[in-house]
2 protein chains.
Amino acid sequence: MSTATRTRWADHALATLQAAGYRRGGARTVVVEALARHDCAVTALDLDDELRRRKAGVGRASIYRALEQLEQLGLLRRIEVARGVAGYERIEPDGEHHHHAICRDCGRMIPFEDASLERAIDRVSGRMSFDAAEHEVTIRGRCERCAA
Amino acid sequence: MSTATRTRWADHALATLQAAGYRRGGARTVVVEALARHDCAVTALDLDDELRRRKAGVGRASIYRALEQLEQLGLLRRIEVARGVAGYERIEPDGEHHHHAICRDCGRMIPFEDASLERAIDRVSGRMSFDAAEHEVTIRGRCERCAA
DNA sequence: ATGACTGCAAAGCCTTTGCACGCAA
DNA sequence: TTGCGTGCAAAGGCTTTGCAGTCAT
């Protein structure tokens, strides 16, 4: 994941927000920039900790609000990273994305991608009377470390 | 999904619980029998409503405790059916299972299954240094009704 | 008799909402 | 100036836990 890709997403996100009629507020922009620095799912509380450490002066509520708006606009994908905890990941304009294997013992997330898996999902989606916008695949089990 | 399949799961579940050292308590058995009647994901609160209507005399806490024990024993698969809401589905001993398309407008769940998708997931799992036990695929978008 | 099991109520935890103030447009 | 955007604190909603009584073994 290159720096250019991250910047591209941030620019794309800010432009989309503006086009949707959102004002260029301070908190939301800070959240977008923070998301641009992560390549795998982050939770709202992760961002809250991070921004607090950076003394960004962004309230927790604003983080949740920004995440929801970004998700609605198709800029973020929301996945469950732990029981009742949501994680958010950038949706790249070019469609590039990965899925996750999550360790049920330590919670570690291992990202993976596979073209034939994507093709299989596309084929299934195409056969259904359903307007598919996103999809997610989660493999659960034990990671290398915990299985030992 | 045949009645035989449901009964088979219930028997298998009760036997597994007993083998794991659990006592044949009343509440847990009622939860197992309730789960046997559902072919797609049900939430803890759904079960609570259902059992209350049937005057089963099972407390909400016992439902949550039973669901967690059954999940730990590999008898149930836990999936997220709405923001922060968990749904549970039987894991059939023969491995038969389906996945879900979930409408982001009305929340409807449309089950689907696809052999080539399963093969693709198995191939990916096999290549990873990860002890894969379960997997889930979720397609999100708009259902036929809401897309219109 | 012993310790698991259960129901009730209270507590937890992530997330959302109400409200008054501040700031973009 | 208008009303969207924000931070803080309080409220919500699902889930988990503490506890004392009950029941399986």
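Just so we're on the same page: letters track the sequence lines, and every chain starts at 1.
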So ring pair (Phe, Tyr, Trp, His ring centres under 6.0 Å) across residues 127-148 of chain A, not counting sequence neighbours, yields A/H97-A/H135, A/H99-A/H135
Estimated bend of the helix from C/dA1-D/dT25 to C/dA25-D/dT1 (axis per five terminal pairs, rounded to 10 degrees):
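About 30° separates the two local helix axes.
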Below 3.5 Å, can you tabulate the donor-acceptor pairs from side chains in residues 17-32 of chain A to any protein atom, sequence neighbours excluded?
| from | atom 1 | to | atom 2 | distance (Å) |
| --- | --- | --- | --- | --- |
| A/R28 | NH1 | A/Q69 | OE1 | 2.8 |
| A/R28 | NH2 | A/R23 | O | 3.0 |
| A/T29 | OG1 | A/G25 | O | 2.9 |

Note, [X] side chain near [Y] side chain (heavy atom, < 4.5 Å):
X     : Y     : value
A/V42 : A/E50 : no
B/Y88 : B/L70 : no
B/R6  : B/D39 : yes
B/L35 : B/L75 : no

Check DNA chain C against residues 31-57 of chain B and give the residues with a non-hydrogen atom under 4.0 Å, in numerical order.
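The stretch gives B/G57 as the residues lying under 4.0 Å from the strand, ordered by number.
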Interface residues of residues 74-88 of chain A with DNA chain C (non-hydrogen, below 4.0 angstrom)
A/G84, A/V85, A/A86
Side chains of residues 55-62 of chain A: which donor-acceptor partners sit under 3.5 Å, not counting sequence neighbours?
| from | atom 1 | to | atom 2 | distance (Å) |
| --- | --- | --- | --- | --- |
| A/R60 | NE | A/D48 | OD2 | 3.0 |
| A/R60 | NH2 | A/D48 | OD2 | 2.9 |

Counting N and O atoms only, with roles assigned by atom type, does the side chain of B/R90 sit under 3.5 Å from a partner on the main chain of B/A10, one being a donor and the other an acceptor?
no
For residues 101-110 of chain B, which residue pairs qualify under side-chain hydrogen bond (donor to acceptor under 3.5 Å, both in side chains), counting only residues two or more places apart or in two chains?
none
Does the salt bridge (charged side-chain N to carboxylate O under 4.0 Å, His left out) test come out yes or no for B/E71 and A/R83, once each step is laid out?
CA-CA 13 Å; B/E71 188 197 357; A/R83 295 181 88 91; 2.9 Å; yes
Pair listing, salt bridge (Lys or Arg N to Asp or Glu O under 4.0 Å) test, anchored in residues 110-125 of chain A, at least two apart:
A/D114-B/R127
Reading DNA chain D 5' to 3', which nucleotide is the first, and which the last, to come under 4.0 Å of any heavy atom in chain B?
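Span of nucleotides near chain B: D/dC14 to D/dT25.
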Given C/dT16, is OP1 or OP2 found less than 4.0 Å from the side-chain N or O atoms of A/Y64?
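False: A/Y64 side-chain N/O out of range (4.0 Å or more) of C/dT16 OP1/OP2.
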Please give me the minimum heavy-atom distance between B/H100 and B/E89, naming the atom from each residue.
NE2-OE2, 2.6 Å
In the hydrophobic clustering that connects Ile, Leu, Val, Met, Phe, Trp and Tyr at side-chain heavy-atom distances below 4.5 Å, which members other than A/L45 occupy its cluster, ordered by chain and number?
A/Y64
State plainly whether the residues A/E80 and B/R78 are in salt-bridge range, i.e. N to O under 4.0 Å.
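Counted as a salt bridge, because a side-chain N and a carboxylate O are separated by less than 4.0 Å.
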Under 4.0 Å protein heavy-atom contact, by nucleotide of nucleotides 18-25 of chain C - B base, S sugar-phosphate only:
B-----BS
Could you list the donor-acceptor pairs under 3.5 angstrom formed between side-chain atoms of residues 138-148 of chain B and any protein atom two or more places apart in sequence or on another chain?
| from | atom 1 | to | atom 2 | distance (Å) |
| --- | --- | --- | --- | --- |
| B/R140 | NE | A/E136 | OE1 | 3.3 |
| B/R140 | NH2 | A/E136 | OE1 | 3.3 |

